[in-house]
Amino acid sequence: MKIIVFFFFLVISVISDNAGCISTSKINSNAVTLKDAFKDAFLIGAALNAAQIQEKEPNAAALVPLQFNAVTPENIMKAEIIHPKWDTYNFDLADKIVAYGEKYRMKVNGHTLIWHSQLPSFVKTMNDADSLRQYFTSHINTVAGRYNGKIFSWDVVNEALEEDGSLRKSIFLQKLGEGYVVEAFRLAQKAAPQTELYYNDYNIEQPKKRAGVLALVKKIQEAGVRIDGVGIQGHWRAYNIPLKEIEESIIAFSALGVKVMFTELDLGVLPNPWDADAADVNMKAEYNAKMNPYQQGLPDSMQAKLSDGYEALFKLFLKHKYKISRVTFWGVNDGQSWLNGWPIAGRTNYPLLFDRNFKPKPAYDAVIALKK
Ligand code: G3I
């Protein structure tokens with residue numbers, strides 16, 4: 001077996017160096033990969049875009065099955081794309097990520113059934129509660145029902161809380177009332193009995209928002225409805241990671257008997273126009289060159305901050321490995337990251353473990369070294 005692996009790596013490294021893309025030359029042939037290094041702890045996943053799901057990007061096509069054992073669709077299972085019109089569903093790409101998961105024996109996490117953002121236009125313009133409730137019910141039944149037993153889990157509800165922990169003033173709250181989150185999980189458990197069901201959000205390591213999540217989970221549990229886990233998105237900055245608060249949330253969520261996951265991990269290295277962390281795509285800021293300082297490459301000092309940040313996070317994840325079931329990066333490599341376009345368009349960010357040539361970065365080595 002080792003011989004076959006060795007020759008496999010040898011072939012890959014020859015191809016990749018010539019093609020100037022993923023070079024495993026930095027990963028010597030005996031090196032463990034992310035998924036193997038952490039297989040006794042938690043799943044390691046990545047968010048895939050449409051081209052990567054269809055293996056149209058040769059670099060990602062080689063790297064993703066090698067390094068990861070879980071995938072999340074970055075956009076193609078969102079309502080705007082999978083349910084564009086009232087009675088029209090578009091399952092083409094969603095079926096493809098299911099097939100991709102089967103082909104590489106990876107766990108697929110569906111993202112996401114109920115979210116205030118990326119809603120189809122026919123929903124955004126809905127005025128009456130009955131129409132929205134009909135949409136809400138048929139969307140969950142149809143989409144979660146179709147992939148029951150085919151995907152491992154769903155982010156049933158995404159980002160339903162304001163920063164103060166109260167329910168977000170979304171169309172769902174306005175039209176369906178405070179019970180809509182419990183209702184979403186009730187419908188999903190019926191439509192997808194073989195699928196794990198999660199609540200997913202950002203900044204829920206912050207005390208007020210953590211309290212909001214705890215109240216939501218208890219409400220769902222007290223209603224006798226299934227919730228299997230809480231996803232902490234993990235959109236942080238390499239130079240300012242709230243480690244203490246993150247640990248407090250891991251412990252608090254796990255104490256309610258649900259799994260904890262880090263579902264959209266990335267560590268931005270660029271200055272942020274606002275002091276606070278956030279991941280609301282509707283928040284935007286003007287371009288200004290001072291906010292885009294690393295166009296020519298990441299200086300060693302910030303590369304080191306990124307490595308230290310990921311090392312500290314993975315040390316914490318390993319400390320709580322029996323509470324954490326998955327760590328998913330929000331993208332495969334720096335070039336793909338949404339953080340190149342948010343909150344300021346046209347920037348050059350470096351938030352992930354693989355660079356724009358799909359080469360492992362020092363942060364990758366720092367994470368792998370924890371398991372040596
Ligand atoms: O597909 C269209 C394309 O046809 C069009 O030419 C192009 C230009 O406007 O837009 C493309 O759609 C973009 C889509 O990504 C696919 O690339 C949307 O404009 C863009 O807004 C969308 O951004 C996604 C964002 O969610 C939208 O909400 C990001 O890729 C995705 O990484 C991001 O992910 C969210 C999670 O779902 C939830 N948590 C926060 C996270 C980051 O915002």
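Remember, it's 1-based here, ligands and their atoms both numbered in the order they're listed. The first residue of the sequence shown is numbered 1, and numbering continues consecutively from there.
Residue N158 touches ligand 1 through its side chain alone, judged by heavy-atom distances below 4.0 Å. Of the heavy atoms in Y202, none comes closer than 4.0 Å to ligand 1. With a heavy-atom cut-off of 4.0 Å, W342 does not touch ligand 1 at all.
Ring geometry, H111 versus W115: the interplanar angle falls from 30° to 60°, so the pair is classed tilted. Relative ring orientation between W154 and Y147 is described as tilted, the plane-to-plane angle lying within the 30° to 60° band. Using cut-offs of 30° and 60° for the angle between ring planes, the Y135 and F172 rings count as parallel. Between F42 and F38, the ring planes lie parallel to each other; the angle is under 30°, not in the 30° to 60° tilted range.
For the pair W115 and ligand 1, the shortest N or O to N or O distance does not fall below 3.5 Å. Annotation: W338 places no N or O atom under 3.5 Å from an N or O atom of ligand 1; distance criterion only.
Side-chain atoms of N340 come within 3.5 Å of backbone N or O of D334 as a donor-acceptor pair.
Listed by number with element, the atoms of ligand 1 under 4.0 Å from a non-hydrogen atom of H235 are 40 (C), 41 (C).
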